[in-house]
Amino acid sequence: MTRFVLRRLAWLVVTAWVVVTLSFFLMRAVRGGPFDGERALTPAVEAGVRARYHLDWPLWKQYLAYLGPFNLDERAPAFLGGDGARPWGGVLAGDLGPSFQYRDLSVNDILAQSLPISLELGAWALLVALAVGLPAGVLAGLRHGTRTDLALRLAATAGSALPNFVLAGLGILMFGFVWPLLPVAGWGGARELVLPALVLGLPFAAYVARLTRTGVLETLQRDFVRTARAKGLPERTLILRHVLPVALLPVISFLGPAAAGILTGSLVVERLFAIPGTGSHFVNGALNRDYTLAMGVTLVYTLLVSALGLAVDLLYGWIDPRLRAEGR
Amino acid sequence: MSGRSSWSALWSTRAARAAGWVLGLAALVALLAPLWPLPSPARIDLSRALRGPEAPWTRGFVTAPADATLELGAVDQALDAARRALFGARESAAWLGTDSKGRDVLARIVWGSRVSFLVALCAGLTSLVIGVAFGAVSGYAGGRVDEFLMRVVDALQSLPFVFVVIFVITLAGAWKQELLALGVSREVLLYVLVGAVSWLTMARIVRGQVLALRSAEFVLAARALGASHLRILWVHVLPSILPVVIVYLTLSVPSILLMESFLSFLGLGIEPPRVSWGLLAADGADALNPLRIPWWLVVFPAAAMGAVLLALNVLGDELRDALDPRQARERSA
């Protein structure tokens, strides 16, 4: 188990390093630097700007400064020739650099403001996915072959086929305007949360329902279920204690991809509902060529998604006794 | 698998047949877009902005104003000429309404489907080439190489690809002129990028299949006869895994279509005056406001997109089941 975790972590580090390095050199290779297209600056101002962002350094030094973990300017630690006032810097020290679009903010500032919003939205969406998907899947599995089952399956197929921005458009139309129950933009209150969380979560609820239904059907045919029935266990206890824990295993391994998908989908949903989350900033940054912001968000989300994936795998190994025994 | 029986089994499922009809119809409509008597999807006429839909039986056809036509290729010009011969200057009235710039929604859905399908097709082929090459090399080489290549696939799987694609598109914006000089427009970039991030499952599947065939007798025989590795892969191994490859290509198309519309929706994909389904969805969402509710801008593109994606999903599932009846039985048990 430890070896498995260590190997995964090692690959994560390599992936992150490749992402950082590639994007650094791509960013620097972009002609004219980040201030291309601005109104013409006087040479003195331009030199000041270049000095501020260290664009006057040789490339290798810029790269090392960007990677970290040591700060390389005049406030670098003593052994690098600075005065040691600000020893750490760069990505390895958790510093993603200044944003090119929002001049006064660093990428870290933007993430600190917006990431909690995106994570809250994502968590609610995941809750929607489970709260809707699990009961629907269990019901469809237990009522297998009936009209309820058919209706739920149709709904699930349709739900997983419609992209979330189409769902969002329909949702805004229905509950925002035709039948104005909910606010269609903004962030802060519980009412603002309802539509975005539903739109973001429902496609995944559809997938969870399909997985759960299959799991329940397969488990119901197992020998231990027949044994439990033969012993006269009440149906309710049988389902809750014996069937569900086994049937839900595939759902647990889907949680990792689902979380990744929800974070991705949140790009569109945040834009549509004017939510000031990381996704909104990322898209704005991309449209305005804010390379450092785009790069920082990509890196943070890569780490986040990988960490979630690893956590889900560990959870799975912990829950499934067969994997625990193997020790992987 | 025995080809004939599974194809006929597939065709006998009512759902698959319906999905096939929907997709066939959509493909035909998209392919022959210049032939239909539709208004130009790019004609802006603010005096006709945000007209609600009119049923074809209340107002069927109107006389088209003479206006600048679209830039068309040779085949499309022929289709356009055929349209003129068939319908003259008549074009459909706004059956599905007009958008905030007075452009016809039906025409935009039809022409948008063209672009969306084209991207899906090209990106699908890109992912096919990369995935098959990667998977075949990995499975055929085996051992350490295989181990390493599959770890790379695992590592890539953990990347949030949409973010990476958007990041690259952002960077490419700075090289727009150079890329255009090379003949790489944003649209071509989209084919390549979306394809380049959609090949992982294909690589896994192909690798598994090739690994199983690696020590099959006909491969060993070819090797004993002195065939080169490349020749063995190309002539002997790949043809025998073709059905599997085709099925997984079908399965990957919906997600590629989705990614294109996702990017276009965010303003990072197809650029106006071209139109794609993602752009249409974005237009619809932008046009909504409390004073005026142009529902037709949201509902009709959503319906078209939903129908095609649903059909693709159903067909993909049925194809997979046809390929692997054992799993199918488990799934629907």
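Chain letters run A, B, ... following the sequence lines, proteins first, then strands; residues in each count from 1.
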Does B/Glu147 pair with B/Arg151 as a salt bridge, N-O distance under 4.0 Å?
yes
Nearest 0.5 Å, what's the CG-CH2 distance between B/Leu106 and B/Trp296?
15.0 Å
Are B/Lys101 and B/Asp283 within salt-bridge range, i.e. N to O under 4.0 Å?
no
So, the part of A/Phe282 with a heavy atom under 4.5 Å from chain B: the answer is side chain
Using non-hydrogen atoms and a 4.5 Å limit, figure out which bit of B/Ile293 sits close to chain A: side chain, backbone, both or neither.
side chain
With only heavy atoms counted, which part of A/Leu263 is less than 4.5 Å from chain B, the side chain, the backbone, both or neither?
backbone
So, the part of A/Thr15 with a heavy atom under 4.5 Å from chain B: the answer is side chain
Counting only heavy atoms not in B/Phe134, do more than 12 fall under 6.0 Å of its CZ?
yes
A/Arg210 versus chain B, the contacting section by heavy-atom distance below 4.5 Å
side chain
Is A/Val18 close to chain B through its backbone or its side chain, or both, or neither, when contacts mean heavy atoms under 4.5 Å?
neither
Pick one of side chain, backbone, both or neither for B/Phe262, based on which atoms fall under 4.5 Å of a heavy atom in chain A.
both
Per-residue tally against chain B (heavy atom, under 4.5 Å) across A/Val305, A/Thr264, A/Leu303 peaks at A/Thr264
Closest approach of A/Thr302 and A/Ser306, non-hydrogen atoms and distance?
O-OG, 2.7 Å
Need one label for B/Ala281: side chain, backbone, both or neither, based on atoms under 4.5 Å from any heavy atom in chain A.
side chain
Interface moiety of A/Leu170 toward chain B, non-hydrogen atoms closer than 4.5 Å
both
Taking side chain as everything from C-beta outward and backbone as N, CA, C, O, which of these in B/Asp154 sits under 4.5 Å from a heavy atom of chain A? Side chain, backbone, both or neither.
neither
Has B/Glu260 got a side-chain atom pairing as donor or acceptor with B/Ser116's backbone, closer than 3.5 angstrom?
no
Which atoms form the tightest heavy-atom contact between A/Thr146 and A/Arg143, and what is the distance?
OG1-O, 2.6 Å
What orientation do B/Trp277 and B/Phe117 show, parallel under 30°, tilted 30 to 60°, or perpendicular over 60°?
perpendicular
Interatomic spacing from CE in A/Met174 to CG in A/Leu167 - rounded to 0.5 Å:
12.0 Å
Considering only heavy atoms, which portion of A/Val268 lies under 4.5 Å from any heavy atom of chain B: side chain, backbone, both, or neither?
both
Any idea which heavy atoms bring A/Gly141 and A/Leu220 closest together, and the distance?
O-CD1, 4.4 Å
With chain A as the partner, which of B/Val308, B/Leu257, B/Val162, B/Leu310 has the greatest number of non-hydrogen pairs under 4.5 Å?
B/Leu310
Heavy-atom distance under 4.5 Å to chain A: side chain of B/Val168, backbone, both or neither?
neither
Scored by heavy-atom pairs under 4.5 Å with chain B, the best of A/Ala286, A/Gly169, A/Ala260, A/Gly261 is A/Ala286
